[in-house]
Protein chains: 2
Amino acid sequence: MSGNSLDFPARLRAAGLRPTRQRVALARVLFEAGHRHVTAESLHAEVKASRMSVSLATVYNALNQFRDAGLLREVVVAPGRSYFDTNTGHHHHFYIEPDGELHDFPSEKVTIAGLPTPPKGTRLSRVDVIVRVRR
Amino acid sequence: MSGNSLDFPARLRAAGLRPTRQRVALARVLFEAGHRHVTAESLHAEVKASRMSVSLATVYNALNQFRDAGLLREVVVAPGRSYFDTNTGHHHHFYIEPDGELHDFPSEKVTIAGLPTPPKGTRLSRVDVIVRVRR
DNA sequence: GCAAGTTTTAGAATAGTTCTAATCTTCTTG
DNA sequence: CAAGAAGATTAGAACTATTCTAAAACTTGC
Ligand SMILES: [Mn+2]
Ligand SMILES: [Mn+2]
Ligand SMILES: [Zn+2]
Ligand SMILES: [Zn+2]
């Protein structure tokens with residue numbers, strides 16, 4: 001009884017999205033294995049290799065819709081490209097600079113103490129920790 | 001006896017850069033007041049308003065050279081644009097999401113405990129903390 | 001099955017950034 | 001301080017990631 005069933009049409013419907021062939025194919029690639037970090041281009045290449053072809057515009061549309069629906073989270077670590085993360089829970093990232101690889105690490109064991117209060121008139125939205133490493 | 005004198009030609013030379021008219025004008029705008037966070041476009045607009053005109057290509061060249069020389073640091077917080085930061089010391093950022101504003105906060109009072117060790121074959125390069133807030 | 005609303009798509013458009021190559025400036029050397 | 005070499009600036013073209021447009025193809029509820 002996992003909250004993340006493999007019935008992708010149902011999961012899309014639950015998120016308020018019509019389960020079109022393209023969205024189901026993308027959801028399958030994104031969610032059927034463990035957590036993933038993809039770019040629009042990498043996902044497009046992957047889904048193309050998996051028989052069903054989906055246009056790049058649709059990949060961008062789906063990634064933005066999935067993010068807006070809370071199925072994905074967007075991660076900005078490098079100028080010029082966005083990553084989309086199937087892990088929507090609290091966690092942080094290693095970013096391996098030369099190859100552009102992202103790895104999760106849990107936020108549970110990490111303690112951030114002494115953060116100042118947000119500037120006047122603002123509310124906290126999210127705290128991102130990016131540990132940049134090189135080979 | 002500040003390490004950051006207002007003799008911009010000398011500072012540029014010390015960084016291994018020829019003190020051309022354009023670079024001196026940009027350095028003045030960037031470094032003569034306190035710490036700043038600029039984008040290429042915002043710096044271009046600012047320097048244009050200050051009498052001397054500098055092409056956008058030169059602004060990009062100078063920002064990249066200043067960063068490579070250690071005079072600036074590049075901050076990636078939003079998809080599609082880079083910020084350049086005149087504060088090159090250890091510190092972290094508030095990012096005010098709707099308006100794209102960046103504010104520093106010192107890393108001295110912030111303690112990050114329990115960070116996992118970098119993946120095999122990698123060395124730590126930098127830890128970025130971005131506190132995203134909205135109005 | 002049909003109509004009504006949605007989605008997909010190819011290709012055009014846009015935004016931020018980098019590149020090209022001609023011109024101009026700065027520096028070195030005599 | 002003049003001349004030449006090396007380096008910098010610039011306009012505009014090119015490039016990359018992403019979004020937009022509008023026409024054709026789907027999905028859905030009846
Ligand atoms: Mn987006
Ligand atoms: Mn750059
Ligand atoms: Zn992640
Ligand atoms: Zn800063």
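Per chain, numbering begins at 1; letters A, B, ... match sequence-line order. Everything numeric here is computed off the predicted structure, so don't read it as measured data.
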Using 30° and 60° as the class limits, which term best fits the ring planes of B:Tyr95 and B:Tyr83: parallel, tilted or perpendicular? perpendicular
With a 3.5 Å distance limit and no angle check, can you tell me whether B:Arg23 reaches the backbone of B:Phe8 through a side-chain donor-acceptor pair? no
Does B:Arg135 use its side chain to pair, donor to acceptor, with the backbone of B:Asp99 at less than 3.5 Å? no
What is the distance, to the nearest angstrom, from the [atom1] atom on [X] to the [atom2] atom on [N]?
{"X": "A:Asn61", "N": "D:dA22", "atom1": "CG", "atom2": "P", "result": "16 Å"}
{"X": "B:Leu63", "N": "D:dA8", "atom1": "CG", "atom2": "P", "result": "15 Å"}
{"X": "A:Arg23", "N": "D:dC26", "atom1": "CZ", "atom2": "C1'", "result": "11 Å"}
{"X": "A:Leu12", "N": "D:dC26", "atom1": "CG", "atom2": "P", "result": "18 Å"}
{"X": "B:Tyr60", "N": "C:dG16", "atom1": "OH", "atom2": "C1'", "result": "5 Å"}
{"X": "B:Gln65", "N": "C:dT17", "atom1": "CD", "atom2": "P", "result": "16 Å"}
{"X": "A:Tyr83", "N": "D:dA17", "atom1": "OH", "atom2": "C1'", "result": "13 Å"}
{"X": "B:Leu17", "N": "D:dA8", "atom1": "CG", "atom2": "P", "result": "7 Å"}

When clusters are formed by joining ILVMFWY residues with side-chain heavy atoms under 4.5 Å apart, either directly or through shared neighbours, do A:Val24 and A:Val29 land in the same one? yes
Do B:Phe84 and B:Leu17 share a hydrophobic cluster (ILVMFWY, side-chain heavy atoms under 4.5 Å, transitive)? yes
Solution key, residues 107-125 of chain B side-chain donor-acceptor pairs under 3.5 Å, sequence neighbours excluded:
{"residue": "B:Ser107", "atom": "OG", "partner": "B:His90", "partner atom": "O", "Å": "3.3"}
{"residue": "B:Thr122", "atom": "OG1", "partner": "B:Pro119", "partner atom": "O", "Å": "2.6"}
{"residue": "B:Ser125", "atom": "OG", "partner": "A:Glu97", "partner atom": "OE2", "Å": "3.1"}

Which residues, if any, of residues 44-54 of chain A bring a heavy atom under 4.0 Å of DNA chain C?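 Here the set is A:Ser53, A:Val54.
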Once side chain to side chain donor-acceptor pair (under 3.5 Å) is applied, do any residues pair with B:Asp104, and if so which ones, sequence neighbours excluded?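 Listed in chain order: B:His37, B:Asn87, B:His91, B:His93.
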Is [X] near enough to [N] that one of its side-chain N or O atoms lies under 4.0 angstrom from OP1 or OP2?
{"X": "B:Ser55", "N": "D:dT9", "answer": "no"}
{"X": "A:Arg81", "N": "D:dT16", "answer": "no"}
{"X": "B:Asn64", "N": "C:dT18", "answer": "yes"}

On a heavy-atom basis, which atom in B:Thr86 and which in B:His35 lie closest, and how many Å separate them? OG1-CA, 3.2 Å
Through what angle, rounded to 10 degrees, does the axis of the helix from C:dG1-D:dC30 to C:dG30-D:dC1 turn between its ends, using five pairs per end? 30°
Taking the side chain as every heavy atom from C-beta outward, state whether A:Leu6 and A:Phe31 have any atom pair closer than 4.5 Å. no
Pairwise side-chain contact, B:Val77 with B:Phe94, heavy-atom cut-off 4.5 Å (strictly under): no
Could you list, one pair per line, each protein nitrogen or oxygen that sits under 3.5 Å from a nitrogen or oxygen of nucleotides 20-27 of chain C, together with the distance?
{"residue": "C:dT26", "atom": "O2", "partner": "B:Arg18", "partner atom": "NH1", "Å": "3.3"}

Under a single-linkage rule joining Ile, Leu, Val, Met, Phe, Trp and Tyr whose side-chain heavy atoms are separated by less than 4.5 Å, which residues share a cluster with B:Val76? A:Val76
